[in-house]
Visitor: 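Here you go, one structure.
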Amino acid sequence: MELTLYNSLTKSKQVFQPIDPADVRMYVCGPTVYDFAHIGNARPIIVFDVLYRLLRHVYGVPHVKYVRNITDVDDKINARAKEEGVSISDVTERTTRQFHEDISALGVLPPDVEPTCTSHIPQMVEMIEVLIAKGHAYEADGHVLFNTPSMKDYGELSRRSLDEMVAGARVEVATYKKDPTDFVLWKPSDDETPGWESPWGRGRPGWHIECSAMAREHLGEVFDIHGGGIDLQFPHHENEIAQSRCAHDTKVMANVWMHNGFLQVEGRKMSKSAGNFITINELLQKWPGEVLRFNMLRTQYRQPIDWTEKSVQESWDVLESWYGQSSPAEAGPALTGEVLEALADDMNTPRVIAALHQMEPAERASNIAALGFAGDLGDPRIGSVDDAAVEAAIALRLEAFGNRDFAEADRIRDELTAQGIQLKDSKDPATGERLTSWELKR
RNA sequence: GGCCUCGUGGGAGAGUGGUUAUCCAUCGGAUUGCAAAUCCGCGUACACCAGUUCGAUUCUGGUCGAGGCCUCCA
């Protein structure tokens, strides 16, 4: 089948043609592990999980390789460790564990490889040496810098010329740079900062070289898809491209570059200072993970998304209604019909959802199962409720019904309502007997 | 200041040079002892101003508005 993807490199939708259909390779920039992942971080995780599932459907599970790194070397991590008075590995290990816990609740498959920076330092050093040998990088004042004018088409991804960048720059240029747009490959570490021995003294890698080195190690010099958030397009991805292409003398690093749009919260940019910073973990205290997953997919991945309480509630309502008709837990996963077509159209997930609404419940259940939904809407807040007491109250209410004592029945219902418990009555279609279920009000 | 993305009905959100997106909410009805839940029915929107066109929400230009990035930063 034909799969169309939007390529940031060409700014157009293109039919996806893998280099080798028996070995389709995708790299996605993973988290820097210094703090809880926020809901904005969850977007690429979920979006590219959907793509991973689609690729596996199209090319076969054994023929797709998905690499998503963990950035465990970063000055933010160093700052956090210092602030807390703990070791750097304390911070990175704890945060990595938390990250895995949080995203597994979102129904994402683990990537095939999840490399860490700390285990790829030799590969980074080697790549930097190659770049120096080829005249693309130089040592200055203990740093190694990539010389951007040494690459003819630097800036192709973000479509800016070096002149534009210099003209628009607001940042003071370090004096040791040959050119204002040169960027760091390696920087020196003092005794208190993590560092590794290198030909340029004890130091640590710059931000971009990690992804170039890890992608090369696990996917080769040229691979199919590289993904990440739109905020990474420049400078991170631009510089990855520069490093990898210049080190390998290749025309591209990856054939298709994909960027998910930004996330806002209640109509405003999410930031700690604005007080609207939401972590995945916090949301999971209140909502089932698959509601968050569904909510994320209601917007096409390239569009900006406005994350609101109201939209999450709507997502919950939709899933509850679907699961009530046919649960994905009991369905054989399968991508079919219009759902598959919409997915293959640059992952048009809103169109996918519209198609799901039109499907028969059984087929729908199969499709949502294949999209990573398990059918579990267990309310994470339910632990705070004494459900035996609730069941007992419901039994008393049904007894009151039996006696036609509506005043007593309503009194019990009002009491439960006051506790935030919503009753739902239905009839057994066979016997006509009254059945009562309950849930916590949102 | 430079580069870029976006602006669809009450809300969310696809799409299209001329034809019902879809979902949620509202409203009306059925059902219910009363509610909730459930079921049925109802919505001709596409920021503004020009231009191209037989015809534009869909193409081009401009205006206004929202948002992102601008090299060590998350």
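Order of the sequence lines fixes the chain letters, A, B, ..., with proteins taken first and strands second; residue numbering starts at 1 for each chain.
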Visitor: Name the closest nucleotide to the A/Asp425 side chain, picking from B/U71, B/C34, B/C23.
Guide: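 Shortest atom-to-atom distance from the side chain points to B/C34.
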
Visitor: For A/Gln300 and B/A12, give me the distance from atom CD to atom C1', rounded to whole Å.
Guide: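 So the CD-C1' distance, A/Gln300 to B/A12, works out to 15 Å.
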
Visitor: The side chain of A/His357 is closest to which nucleotide in this list: B/U22, B/C73, B/G33?
Guide: B/U22

Visitor: Using atom C1' in both nucleotides, what's the gap between B/G9 and B/C27 to the nearest angstrom?
Guide: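 B/G9 and B/C27 have their C1' atoms separated by 15 Å.
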
Visitor: Please give the distance between the P atoms of B/G7 and B/U58 as a whole number of Å.
Guide: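 Rounded to whole Å, the distance is 11 Å.
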
Visitor: Check every strand shown and say whether A/Gln233 touches a base, only sugar-phosphate, or nothing at a heavy-atom separation below 4.0 Å.
Guide: nothing

Visitor: With a distance cut-off below 6.0 Å to the six-membered ring centre and an angular limit of 45° from the axis, does A/Arg68 pair with A/Phe48 as a cation-pi contact?
Guide: no

Visitor: Is the distance from OP1 or OP2 of B/U5 to the nearest side-chain N or O of A/Lys11 less than 4.0 Å?
Guide: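 For B/U5, OP1/OP2 do have a side-chain N/O of A/Lys11 under 4.0 Å.
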
Visitor: Just wondering, are more than 12 heavy atoms of other shown residues or ligands nearer than 6.0 Å to CD in A/Gln419?
Guide: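 For A/Gln419, atom CD is crowded (more than 12 foreign heavy atoms under 6.0 Å).
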
Visitor: Can you tell me how far P in B/G18 sits from the matching atom in B/C24, rounded to whole Å?
Guide: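 So the two P atoms sit 28 Å from each other.
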
Visitor: Using atom CG of A/Asp179 as one end and atom C1' of B/C70 as the other, report the distance to the nearest whole Å.
Guide: 15 Å

Visitor: Answer yes or no: is there a side-chain heavy-atom contact under 4.5 Å between A/Leu335 and A/Arg53?
Guide: no

Visitor: Looking at every strand, decide which applies to A/Gln313 at a 4.0 Å heavy-atom threshold: base, sugar-phosphate, or nothing.
Guide: nothing

Visitor: For nucleotides B/C54 and B/C49, find the distance between their C1' atoms and express it as a whole number of Å.
Guide: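 Each nucleotide's C1' atom is 23 Å from the other's.
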
Visitor: Using atom C1' of each nucleotide, how far apart are B/C46 and B/C40 to the nearest Å?
Guide: 29 Å

Visitor: Counting any heavy atom closer than 4.0 Å, what does A/Glu314 reach on the DNA or RNA strands: base, sugar-phosphate only, or nothing?
Guide: base

Visitor: Would you say the side chain of A/Asp410 and the base of B/G33 hold a donor-acceptor pair, judged only by whether the two atoms sit under 3.5 Å apart?
Guide: yes

Visitor: With respect to A/Arg293, which candidate in A/Ile103, A/Leu319, A/Val50 satisfies the side chain to side chain contact (heavy atoms under 4.5 Å, CB included) definition?
Guide: A/Val50

Visitor: Out of curiosity, A/His208 NE2 to A/Ser244 OG, how far, rounded to the nearest 0.5 Å?
Guide: 12.0 Å

Visitor: Side-chain donor-acceptor pair under 3.5 Å between A/Tyr323 and A/Asp376, yes or no?
Guide: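 No - no donor-acceptor pair under 3.5 Å links their side chains.
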
Visitor: Under 4.0 Å, heavy atoms only, any strand: does A/Ser426 hit a base, just the sugar-phosphate, or nothing?
Guide: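 Here A/Ser426 touches no strand at all.
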
Visitor: Which whole number of Å gives the distance between the P atom of B/U44 and that of B/A50?
Guide: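 Comparing P positions in B/U44 and B/A50 gives a spacing of 26 Å.
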
Visitor: Can you tell me how far P in B/C59 sits from the matching atom in B/A66, rounded to whole Å?
Guide: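 Going atom to atom, P in each nucleotide, I get 23 Å.
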
Visitor: Say whether A/Asp72 and A/Thr118, considering side chains only, have a donor N or O and an acceptor N or O under 3.5 Å apart.
Guide: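 There is such a pair (donor and acceptor under 3.5 Å, judged by atom type) between the side chains of A/Asp72 and A/Thr118.
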
Visitor: Send over the distance from A/Met270 CE to B/G67 P, rounded to a whole Å.
Guide: 15 Å

Visitor: When rounded to the nearest Å, what value does the distance between P atoms of B/U22 and B/A14 take?
Guide: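 Their P atoms lie roughly 16 Å apart.
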
Visitor: Let me check I have this right: for RNA chain B, each base becomes ., (, ), [, ] or |, based on Watson-Crick or G-U pairs with both distances under 3.5 Å. What is the full string?
Guide: (((((((..(((.....[...)))..((((.......)))).....(((((..]....))))))))))))....

Visitor: Just to be sure I understand the rule, does A/Tyr34 reach a base, reach only the sugar-phosphate, or reach nothing, if contact means heavy atoms closer than 4.0 Å?
Guide: sugar-phosphate

Visitor: Please pick, from B/U22, B/C69, B/G33, the nucleotide with the shortest atom-to-atom distance to any side-chain atom of A/Phe262.
Guide: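 Out of B/U22, B/C69, B/G33, the nucleotide with an atom closest to A/Phe262's side chain is B/C69.
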
Visitor: I need the CD1-C1' distance between A/Ile241 and B/U71, as an integer number of Å.
Guide: 15 Å

Visitor: Is any NZ, NE, NH1 or NH2 atom of the basic residue among A/Lys177 and A/Asp182 found under 4.0 Å from an Asp or Glu carboxylate oxygen of the other?
Guide: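 Judged by the 4.0 Å cut-off on N to carboxylate O distance, A/Lys177 and A/Asp182 do not form a salt bridge.
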
Visitor: Counting only heavy atoms not in A/Glu282, do more than 12 sit closer than 6.0 Å to its CD atom?
Guide: yes

Visitor: Can you check the A/Asp414 CG to B/C34 C1' distance for me, whole Å?
Guide: 11 Å

Visitor: Counting heavy atoms from C-beta on, name the nucleotide in B/A35, B/A14, B/G33 closest to the side chain of A/Ala409.
Guide: B/G33

Visitor: Of the options B/C70, B/A35, B/A14, whose atoms approach the side-chain atoms of A/Phe234 most closely?
Guide: B/C70

Visitor: Atom CG of A/Asn147 and atom C1' of B/U71: how far apart are they, to the nearest Å?
Guide: 14 Å

Visitor: So what does A/Arg413 hit on the nucleic acid, given a heavy-atom distance under 4.0 Å: a base, only sugar-phosphate, or nothing?
Guide: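 Touches a base.
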
Visitor: Considering only side-chain heavy atoms of A/Thr181, which listed nucleotide, B/G11, B/G67, B/U71, is closest?
Guide: B/U71

Visitor: A/Lys424 or A/Ala407: which one's nearest nucleotide on RNA chain B is closer to the 5' end?
Guide: A/Ala407

Visitor: Using atom CE of A/Met296 as one end and atom P of B/C23 as the other, report the distance to the nearest whole Å.
Guide: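 Rounded to whole Å, this separation is 23 Å.
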
Visitor: When you measure from the side chain of A/Phe183, which nucleotide among B/U22, B/U71, B/A35 comes out closest?
Guide: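 The closest nucleotide is B/U71.
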
Visitor: Can you confirm whether A/Glu314 sits close enough to A/Phe294 that some side-chain heavy atom of one is under 4.5 Å from a side-chain heavy atom of the other?
Guide: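 Answer no - side chains too far apart.
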
Visitor: Using a cut-off of 4.0 Å on non-hydrogen atoms, how would the nucleic acid contact of A/Leu145 be classed: base, sugar-phosphate, or nothing?
Guide: base

Visitor: Applying a 4.0 Å non-hydrogen cut-off, can you work out what A/Asn348 is touching in the nucleic acid: base, sugar-phosphate, or nothing?
Guide: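 Counting heavy atoms under 4.0 Å across all strands, the contact made by A/Asn348 is with sugar-phosphate only.
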
Visitor: A/Leu423 or A/Val318: which one's nearest nucleotide on RNA chain B is closer to the 5' end?
Guide: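 So the residue in question is A/Val318.
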
Visitor: Could you state the atom-to-atom distance from CG of A/Asn295 to C1' of B/G11 in whole Å?
Guide: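 Rounded to whole Å, this separation is 13 Å.
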
